[in-house]
Participant: 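To start, I am sharing the structure in question, which I have written as structure tokens.
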2 protein chains.
Amino acid sequence: MSDLLERLRERGWRLTSQRRVVAEVLDGDHVHLTADEVHARAVERLPEISRATVYNALGELVSLGEVVEVSTDGRAKRYDPNAHRQHEHLVCSGCGLIRDVHPTGDPLEQLPAGERFGFTVSGVQVTYRGLCPACARG
Amino acid sequence: MSDLLERLRERGWRLTSQRRVVAEVLDGDHVHLTADEVHARAVERLPEISRATVYNALGELVSLGEVVEVSTDGRAKRYDPNAHRQHEHLVCSGCGLIRDVHPTGDPLEQLPAGERFGFTVSGVQVTYRGLCPACARG
DNA sequence: TCTTGACTTGGATTCTGTCCATCGTAGGAT
DNA sequence: ATCCTACGATGGACAGAATCCAAGTCAAGA
């Protein structure tokens, strides 16, 4: 993740202790935290960091393309730091567990021009749903 | 939509005037309404129907598989009564407009067994994003 | 018609996220 | 090393969406 901080600095991102902590919290594989969860973990390292700051930092990381917003249910958005590799998500309907998955093919190609209705199509989000091994046994 | 009411009655759905109105509102071309829009239209027919009841009825129709919830980022969930025909959605990032689209192929087949991590995969949701012609011009 | 459990109501509450005026500070300039 | 200042942080108010709850109402079977 220090790669990330390095990249951000090069792009003129002012590095504050708060932003550093948010970036550190998002480090790791298969991390899909909500903004509130990010805030909770950030508070452990920097007790006075505010929720607004976490929202700001997350929003900036998203616009910089370093983090992807994922809304898997109608609830809170989740933030996925694994933005450098194209992937989709597999969500357990039982416990909400999220796994990154890598389908074959490009789903954008599945939408013929005749089905685009003049839209400028810029992206597609694919979410597979099912039961994880633990929930399937239960 | 009387088909729907028939099916629901057979499945033991207690038919109240409120539920009937919600089902009727979802009928027709004006698909993809938010819960509040459904409530607004329901009030025209049944002035004292409450929001809670609309939320309850919508939630039940969703669990019965008669209506599909479409969550577009950050905005209110929308309810799509066109659940009997397989389709996906194309959402305008500008104004939130939703179109039903019919991609080629089955996205479930795009997820190889090796990428399922033991999950019992039961479905997949595909949402295309872009700008509608009006927002693209603006 | 009667009964009863399921349904409805509407106000309070929770959850998620944004806004804003004010204060603080990172990092370039000196 | 110190100063400046524009950008970032703060936290409480605010707003939209959805849920909860206790009390009242009613659909449908007996």
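Computation of the quantities below employed the complete heavy-atom set of this structure, encompassing side-chain atoms and omitting hydrogens, waters and symmetry-equivalent molecules. Just so it is clear, the model here is predicted, and its values are computed rather than measured. Residue numbering restarts at 1 for every chain, and letters A, B, ... go by the order of the sequence lines.
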Participant: Rounded to whole angstrom units, what separation is found between the CD atom of B/E48 and the P atom of C/dG11?
Facilitator: 11 Å
Participant: Which sits closer to the 5' end of DNA chain D, A/V54 or B/T34, going by the nucleotide each is nearest to?
Facilitator: A/V54
Participant: Need to verify one output field. Residue with the more 5' nearest nucleotide on DNA chain C, A/N56 or A/A35?
Facilitator: A/A35
Participant: Would you say A/D100 and A/H32 are linked by a side-chain donor-acceptor pair, where the criterion is simply a distance under 3.5 Å?
Facilitator: yes
Participant: What is the distance, to the nearest angstrom, from the CG atom on A/L46 to the C1' atom on C/dG24?
Facilitator: 13 Å
Participant: Send over the distance from B/R78 CZ to D/dA18 C1', rounded to a whole Å.
Facilitator: 15 Å
Participant: Between P on C/dT16 and CG on A/L58, what's the gap in Å once rounded to a whole number?
Facilitator: 14 Å
Participant: Are any of the side-chain nitrogens in A/R78 or A/E69 under 4.0 Å away from the carboxylate oxygens of its partner?
Facilitator: no
Participant: Report the distance from atom CD of B/E60 to atom P of C/dC7, rounded to the nearest whole Å.
Facilitator: 6 Å
Participant: Between D/dC7 atom P and A/R9 atom CZ, what is the distance in whole Å?
Facilitator: 19 Å
Participant: For A/A76, which contact category applies under a 4.0 Å heavy-atom criterion: base, sugar-phosphate, or nothing?
Facilitator: sugar-phosphate
Participant: How far apart are the closest heavy atoms of B/T34 and B/Y79, and which atoms are they?
Facilitator: C-CD1, 4.4 Å
Participant: Taking only side-chain N and O atoms of A/T53, does any of them lie within less than 4.0 angstrom of OP1 or OP2 on D/dT10?
Facilitator: yes
Participant: For the side chain of A/S93 and the backbone of A/G130, is there at least one donor-acceptor N/O pair under 3.5 Å apart?
Facilitator: yes
Participant: Within a radius of less than 6.0 Å around CZ of A/R116, do more than 12 heavy atoms belonging to other residues, nucleotides or ligands occur?
Facilitator: yes
Participant: What I want to check is whether an N or O donor and acceptor connect the side chain of A/R14 with the base of C/dG27 at under 3.5 Å.
Facilitator: no
Participant: Would you mind classifying the nucleic acid contact of B/T16 as base, sugar-phosphate or nothing, using non-hydrogen atoms under 4.0 angstrom?
Facilitator: sugar-phosphate
Participant: If you pin B/S17 and B/K77 to their nearest nucleotides in DNA chain D, which one's is more 5'?
Facilitator: B/K77
Participant: Counting the atoms with a prime plus P, OP1 and OP2 as sugar-phosphate, which does B/R51 contact under 4.0 Å by heavy atoms, base, sugar-phosphate, or nothing?
Facilitator: nothing
Participant: Regarding B/R75, tell me which of base, sugar-phosphate or nothing describes its non-hydrogen contacts under 4.0 Å with the strands shown.
Facilitator: nothing
Participant: Within less than 4.0 Å of OP1 or OP2 of D/dT10, is there a side-chain N or O belonging to A/Q18?
Facilitator: yes
Participant: Any side-chain N or O of B/Y55 less than 4.0 Å from the OP1 or OP2 oxygen of D/dT19?
Facilitator: no
Participant: Rounding to a whole Å, what distance do you find between B/L8:CG and D/dA27:P?
Facilitator: 17 Å
Participant: Could you state the atom-to-atom distance from CG of A/D73 to C1' of D/dA18 in whole Å?
Facilitator: 13 Å
